[in-house]
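The figures here come from the full heavy-atom set of this structure, side chains too, leaving out hydrogens, waters and symmetry mates. Proteins come first, then strands; the chains are lettered A, B, ... in the order of their sequence lines, and each starts at number 1.
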Amino acid sequence: MTLGRYASRRVALGLVQVLVVLVAVFLLVEALPGDAAVALAGDNPDPARVAAIRASMGLDQSAVERFVGWLGGLVTGDLGTSLVSGRPVVDFIAGGLPTTLLLAGVTLLLLVPSSVLLGVFVARRAGRGVDRVVTAATIGLHAVPEFALAIVLVALFGVTLGWLPPTALGADPLADPLVLVLPVIVLLARPLCAITRLVRAAMIDALASDYVRHARRLGLSRSRVDYRHALPNALAPAVQQLARTTDWLLGGVIVVEAVFVIPGLGTALVDAVAGRDMPVVQGLAVLFGVTTVLVNLAADLLAFRLAPRAGTAA
Amino acid sequence: MLLAVPLVIAVVGPWFVGEVERGRAFVDRGVLGTDFVGRDVLELVLGGGRSVVGIALVATGVSYAVGVPLALVAAMARRRWLDEVVMRPLDVVLAVPSLLVLILVAGIAPRGYGTVVVVVAVVTVPDLVRVVRAAALEVASRPALEAMRLQGETRRRLAFGYVVPAVAPTLVADLGVRITTSLYLVASAGFLGVGVAPDAADWAVMVDRNQAGLFLIPSAVVVPALLIIAWSVGVNLVFDRAVRR
Amino acid sequence: MSDPFPTLRRRGFLALAGGLALAGCASSPGQSAPRSGGRVRAAFAGGGAKEVLDPHMASLFVEAARSKALYDKLADFGDDLTPVPRLAEKWESNADATVWRVSLRQATFHDGRPVRAADVLSSYARILDPKRAFRAKASLAVIDLTASREVDDRTVEFVLTRPYVEFPNALATFSAYIIPESTEDFARPVGSGPFSFSSFTPGRSTVVKRYADYWDGAAKLDELEFVLANEESARVNALLAGQVEYAHDLSPVTARAHEAGGRVRILRSPNSGIQAFAMKVDRPPFDNRDLREAMFLLADRPQLVESVLSGSGQVANDLYGKGYRHYADDIPQRARDLDKARFLIKRAGADGLKVALNTSEAATGFVEAATVLADQARQAGITLDVTVGDKDTFWSDTLKNGSLSSFRSGAMPIESHLSQRLLSKSTTNVTKWARPEFDALYDKAVSTVDAGVRDSVYQEMQRTLHAEGGYLVWGFADWVVGTSPSVDGVGTAPANTLGWARFDRVWLR
């Protein structure tokens, strides 16, 4: 199958996936206890008041009616308005997207070269001291949850030493990039460990394979063999993991945004779920779903190129 | 050694735990001070390994038992539809942000160890299948496999006799990462109110709940965190060594 | 993660004739002389991008603090929850407290227009609009709007639907702010408060600047910025690093960790958070009076205060509102008596009882307190199964379901507590305490003009609640605020009162 046909099939599939995601998220949020009215009433859940809020939000309509109405709006490009504040959902996305993109973008930009280089570096020295140290360090660091790492780094560099701003409170990350240093380090830590380890393992595997040995026997230089022949094969699993990292980044972003007070999409999502603000949750789910599907698609296409499967290709 | 200390504490520790005593939170009392509700940190450390170690192992085991066969089926499928049938539903699950899954499941599912295992599996399996499939795909396209197939080897024997050993290094590297991820998810799940009780004697829970006292009683966070790290590193090193043999 | 349910409460109480020493001016040793100028950044927990500027919709602490900077109410609460005149200069009622005449101060909105009786009536009409669901509605519902009228530009006559001596409590009720007549657009809010609006970015920051013509004396600060940080650790870190000068709602543990360092100043407001467990008296097992008393007796309050509040609070006596007006101070403090508790449990036939204790992360310390109480109950032979529910719907869930739940409340007058939670028709009656004779006592209290007689009725009601009520009130938590050492003039009044978050009295050294 050609790459083009494969790609177009996958895009069509992606659309179906996004739709399924939307239905799933809607059902899950519907299944949560309470609704936006109950959440808004908070510690003053006077039943009459809750009922009035519910009516004013249009929550007295059935779930199906609301979902179909929202979906109709989506087709015409209208993501709806927040139940709680009455502001358009697009505002929520536009408000958080640049920050989150910046955070995730910088992280990915640093992640890919550093993890591949580190993975190859230790793979070529497998079994030696440096390999053992790096391996132990990556496993150890990977076991540290983001919030714990963030707290330690903030306590050390932000508060005790005072070298870096401990939060991004009141700052504009674009104007003051220093506030992003600690958040990016925290976001980078776990994926870096995971991908480094995968690259290392796959690379060791590839280096021991027949064709690499064969290439060496042919007299090609070691680095040429390693980087031109072994590495591309070793990258296939890492590329898949990288695709997943985008999703992990979102999870990490939620934690990092909370700890460092960065008002991005993660914060918006948590707030929207807490407030049962369905249109906002749905709008963000569209964005996240589309992103994840696109990234996985890209990863599949890349893996397809790195290790095409003759005849039976998916 | 790295593995031994946490493992011994996890298995033997609970025998040494007495009746709970309470005092002020985060004060320097006893060997390691007190935790966020005024309990003795040392006793909690002793009692808190079993669930962490246990849940992480069970959850990871379940993920592998489900994920690896699926990945092999997908990778070695001669007919494309079989690959598609396996992969596409997983892609759908993948497209839902895992944290959203956690948040939502936290709101719906009953508290309990079973829920944690299911959540960890739901979050890990799609991911695991993709990684293993990608690695197996590369192996499955090797000429050697084609040759063996022509010699009439059964599919199952090919899968477990040839493909699994060939992808083992990737699997083991992934397993190490996966166990630590499970540990991490157990902690997050506790935080979200899905898993173990919020005041459970559990290393992962302790790291989370005692962070407020980091400046007062660092040991309440650092000791369980170090044990978790030692346990993860130990497990990984043991696996690495096993593969090298 | 976030704490979207601050303990904001509304409603007001008795106007003792005016003069009350206001908090916010409470001076602490080593305070500098007030000075004008500068900008203070104040970090609060917030509701994210969904927050709004409409003062009548305020429910979070940050919304309350911001509304207080931009707007005024007719009255507000002093430190002991007695209403203090604000935009109202004075009030007086007829003999049976059914008609109240309120005189307004000479005050102006930020656009220069005077605050008139018409603005007051229009603001209240908006809150009472039957099609809407503003929080202050229940408290103001006693007003008969069609019969009420403006006497002149600065005098309003309120006609009530029933005798209500405590009407000034309603004027001070949470979020009953006065807005210019017929305002519906709050994109650029105009109020009569000490600060006027500059800018607003939802979920991030609100900037306000000094209003020079404020009726109560212009603020010292040139500018005030509210920034949002839901994580307590982020608020304190930002304060330590000088990114903000005021951090609201810190934990007692944080206070202890940083108090001695000299990098921040810690301020504690006593009697701010009422910590309790609510037993539902209308259903098994707590419909049994002996069992309720056993619960009162098995609780080890000092241990709860030590463990959960980290010692930053006081032991309570199963009654609401210590230090507030009408609090029954002469009832002896209850202490732990395990033997008597076991005896009562046996008499109630509740040996080996197993009951769910519903809690959630809806408020700080809930889960901790629940687990500590469960330990204490185990020693008396009762198993409390701590069930952690959804934090976002906790209050609504526990109003209807279960039989035992965590409870907390912010400051409000004792009369408001009684009327909102302990009458047959109360809308948030968690303990399901509904007794006609108790309702009658309440009606008697709020229609008795004689202050001494009224106080004795309140005492009687509290004695009943102490003996057999549904609230196991175990502690009063301090409210903790941190400021930079350069900030002076921050008061230590209970949250939700006039002296709380009163930035017009704050200055920079």
Side-chain angles (χ1 to χ4, degrees), chain A residues 32-35 37-56 82-87 91-92 95-96 147 150-151 154-155 158-160 162 164-171 179 254-255 258-261 263 267-268 270-277 280, chain C residues 1-2 4-10 41 43 46-52 59-60 130-135 137-138 201-205 225 227-231 233-238 240-241 243-244 263 362-363 389-400 408-410 420 427-428:
Chain A
L32 283 179
D35 58 15
V38 167
L40 187 67
D43 63 346
N44 180 19
D46 172 350
R49 184 165 169 248
V50 172
I53 299 175
R54 195 166 282 148
S56 72
S82 154
L83 289 178
V84 182
S85 70
R87 274 193 294 274
D91 284 5
F92 284 76
F147 72 82
I151 287 163
V154 166
V159 176
T160 311
L164 290 164
T167 72
L169 205 58
V179 300
I254 293 180
V255 174
V259 173
F260 294 100
V261 202
T267 313
V270 172
D271 287 339
V273 171
R276 305 288 189 270
D277 201 340
V280 180
Chain C
M1 179 157 290
S2 63
F5 296 117
T7 358
L8 288 186
R9 292 287 167 169
R10 59 250 132 203
R41 290 162 296 182
K50 66 168 191 265
E51 57 168 347
V52 289
S59 71
L60 307 171
K131 289 196 288 295
R132 303 213 204 195
F134 292 120
R135 191 171 187 135
K137 187 153 123 186
T201 318
R204 299 191 192 192
S205 105
E225 180 176 13
V227 290
L228 297 183
N230 285 335
E231 291 283 314
S233 62
R235 293 196 293 277
V236 73
N237 288 333
L240 285 165
Q243 292 182 310
V244 297
R263 291 171 77 174
D390 190 287
K391 71 175 168 54
D392 305 315
T393 57
F394 177 77
W395 302 106
S396 188
D397 295 343
T398 54
L399 182 60
K400 295 191 289 272
R408 78 172 264 192
S409 164
Q420 289 175 21
T427 50
T428 51

Over all atoms of both residues, closest heavy-atom pair of C:Gly203 and A:Pro263 = O-CB, 4.4 Å
Note: C:Ala234 and A:Val261 closest approach over all heavy atoms is CB-CG2, 3.4 Å
Would you mind telling me which of C:Asp397, C:Val227, C:Asn237 has the largest number of heavy-atom pairs within less than 4.5 Å of chain A?
-> C:Asn237
Pairwise side-chain contact, C:Thr427 with A:Arg49, heavy-atom cut-off 4.5 Å (strictly under) = no
What heavy-atom pair brings A:Arg276 and C:Thr393 nearest, and what distance separates the two atoms?
-> NH2-CG2, 3.8 Å
So which of A:Ile151, A:Thr167, A:Asp35, A:Val280 has the largest heavy-atom pair count under 4.5 angstrom toward chain C?
-> A:Thr167
Ranking C:Ser233, C:Ala241, C:Ala229 by heavy-atom pairs under 4.5 Å to chain A gives rank one to C:Ala229
Between C:Asp392 and A:Val273, what is the shortest heavy-atom contact and its length?
-> OD2-O, 4.2 Å
OG (A:Ser56) and NZ (C:Lys131) are apart, to the nearest 0.5 Å, by 12.0 Å
Closest heavy-atom contact between A:Pro165 and C:Gln243?
-> CB-NE2, 3.4 Å
Could you tell me whether a side-chain N or O of C:Arg263 sits under 3.5 Å from a main-chain N or O of A:Val159, the two making a donor and an acceptor?
-> yes
